[in-house]
2 protein chains.
Amino acid sequence: MLSKKTKYGIKALTYLAKQETGVPVSIATISEMENISLKFLESILLTLRKSGLLGSKKGKAGGYYLLKDPKDVKMTTVMRVLEGPIAMVSCVSLNYYEKCADCPDETACAVHHLMIRVRDSNLKIYGETSLADLISY
Amino acid sequence: MLSKKTKYGIKALTYLAKQETGVPVSIATISEMENISLKFLESILLTLRKSGLLGSKKGKAGGYYLLKDPKDVKMTTVMRVLEGPIAMVSCVSLNYYEKCADCPDETACAVHHLMIRVRDSNLKIYGETSLADLISY
DNA sequence: TATTACCCTACTAAATCTATAGGAGTAAAG
DNA sequence: CTTTACTCCTATAGATTTAGTAGGGTAATA
């Protein structure tokens, strides 16, 4: 299941993607418009900023804004920042590979092979979808 | 991330799929061969039996065995039994649909559209993969 | 200098995951 | 008919993750 953090994060990003570029939107505004708990959203936006996806402006009329053109923000990046590795088991993760403790031979592991296929198909979807695609509905 | 329950469950199923059909294999044997905690595996096999995928024989020389031909056991079924819904959000689940509390309009929700694509691609993979495919490596 | 809004750490309640404990019941072998 | 080798089933517990909440600090602007 997708965590609420990821779900809310994507909603916030798409909301920002719909705004005029560079104009900061306050946490409170996004919180109201997307029905997200203010403090929870605050922490999500913070991680999005630290990851380099968002910029922020402090003080009056401050808020968050997208740093890139929505069509240059791929969902692969978004998912990795918010949800973590795209692979469902670490032994098929490209960026966070780890050997399974219980598995003597990866090439003989059924789960391994299946999850490689799942990973690749998901990577394909996330890779060919951008924020711009998501707001085109 | 895939739960260990699912991972172990798939491993157990593939182990059973490799055996002569109908011959019961004890929990202890599977536990040893696949490096899975005995008691944890016990509870996993129990749910697999209750779901109709496995049969069991009690008493001496008892154990678990596959009820169907491995090529007739689709991973869609296995994943649903062990991991739960294949959809990553309940608003795109075919079997466990639930409206999102925070989302006034599904058709306008970016997460919804993205997750439909993910669900469909995963359903396709699980649907065209059987236990028999998994043991052919 | 008052206000607005982000920044950051820490904390907590609830849920889920990953088992473990322990006994009851069943079937076959000796 | 008793021992042995299994499954069956419920309950529980520790660890981890999730989904927030609390509260003060800091910067920018009018």
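Since this is a predicted model, take the numbers as computed values, not measurements. Labels below follow one simple rule: chain letters A, B, ... track the order of the sequence lines, proteins then strands, and each chain is numbered from 1.
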Going by heavy atoms in the side chains, are [X] and [Y] under 4.5 Å from each other?
X: V73(B); Y: S130(B); result: no
X: L82(A); Y: I44(A); result: yes
X: K71(A); Y: L131(A); result: no

Quick one: do D102(B) and K7(A) satisfy side-chain contact (heavy atoms from CB on, under 4.5 Å)? Show the steps, please. CA-CA 10 Å; D102(B) 57 296; K7(A) 187 184 175 190; 2.9 Å; yes
Considering the options I125(A), L134(A), L13(A), which one meets the side chain to side chain contact (heavy atoms under 4.5 Å, CB included) requirement together with M75(A)?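 Among I125(A), L134(A), L13(A), the one that satisfies the side chain to side chain contact (heavy atoms under 4.5 Å, CB included) with M75(A) is L134(A).
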The single option from L16(B), T47(B), L46(B) passing side chain to side chain contact (heavy atoms under 4.5 Å, CB included) against L54(B):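 Exactly one candidate clears the test, L16(B).
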Mind running side-chain contact (heavy atoms from CB on, under 4.5 Å) on V89(B) and H112(B) for me, showing each step along the way? CA-CA 8 Å; V89(B) 282; H112(B) 185 80; 5.8 Å; no
Using a 4.0 Å heavy-atom cut-off across all strands, classify [X] as base, sugar-phosphate, or nothing.
X: K4(A); result: sugar-phosphate
X: I27(B); result: sugar-phosphate
X: K50(A); result: sugar-phosphate

Between which nucleotides of DNA chain C, read 5' to 3', does contact with chain B run, using atoms under 4.0 Å from its heavy atoms?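 Under 4.0 Å from chain B, the extent on DNA chain C is dT18(C) to dA29(C).
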Between V92(B) and V111(B), does the side-chain contact (heavy atoms from CB on, under 4.5 Å) criterion hold? Intermediate values first, please. CA-CA 10 Å; V92(B) 301; V111(B) 179; over 6 Å; no
Sub-3.5 Å donor-acceptor pair from the side chain of T129(A) to the main-chain atoms of Y126(A), do we have one?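 The answer is no, because no donor-acceptor pair under 3.5 Å joins these two groups.
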At what distance, to the nearest 0.5 angstrom, does NZ of K11(A) lie from SG of C100(B)?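 Atom-to-atom, K11(A):NZ and C100(B):SG are 6.5 Å apart.
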With a 4.0 angstrom cut-off to heavy atoms of chain A, pull out the first and last contacting nucleotide of DNA chain D, in 5'-to-3' order.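 With heavy atoms of chain A under 4.0 Å away, the range is dA19(D) to dT29(D).
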Between K58(A) and L38(A), just flag the one whose closest nucleotide in DNA chain D comes earlier from the 5' side.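 In this pair, the answer is L38(A).
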Report the residue (F40(A) or A61(A)) whose heavy-atom-nearest nucleotide on DNA chain D is the more 5′ of the two.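 On the 5' side of the pair lies F40(A).
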Name every residue in residues 76-93 of chain B that has at least one heavy atom under 4.0 Å from any atom of DNA chain C, in order of residue number, or write none if there are no such residues.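 Per residue number, the list is empty: none.
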S93(A) side chain to E98(A) side chain, donor-acceptor N/O pair below 3.5 angstrom: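 Judged by distance alone, the side chains do not pair up.
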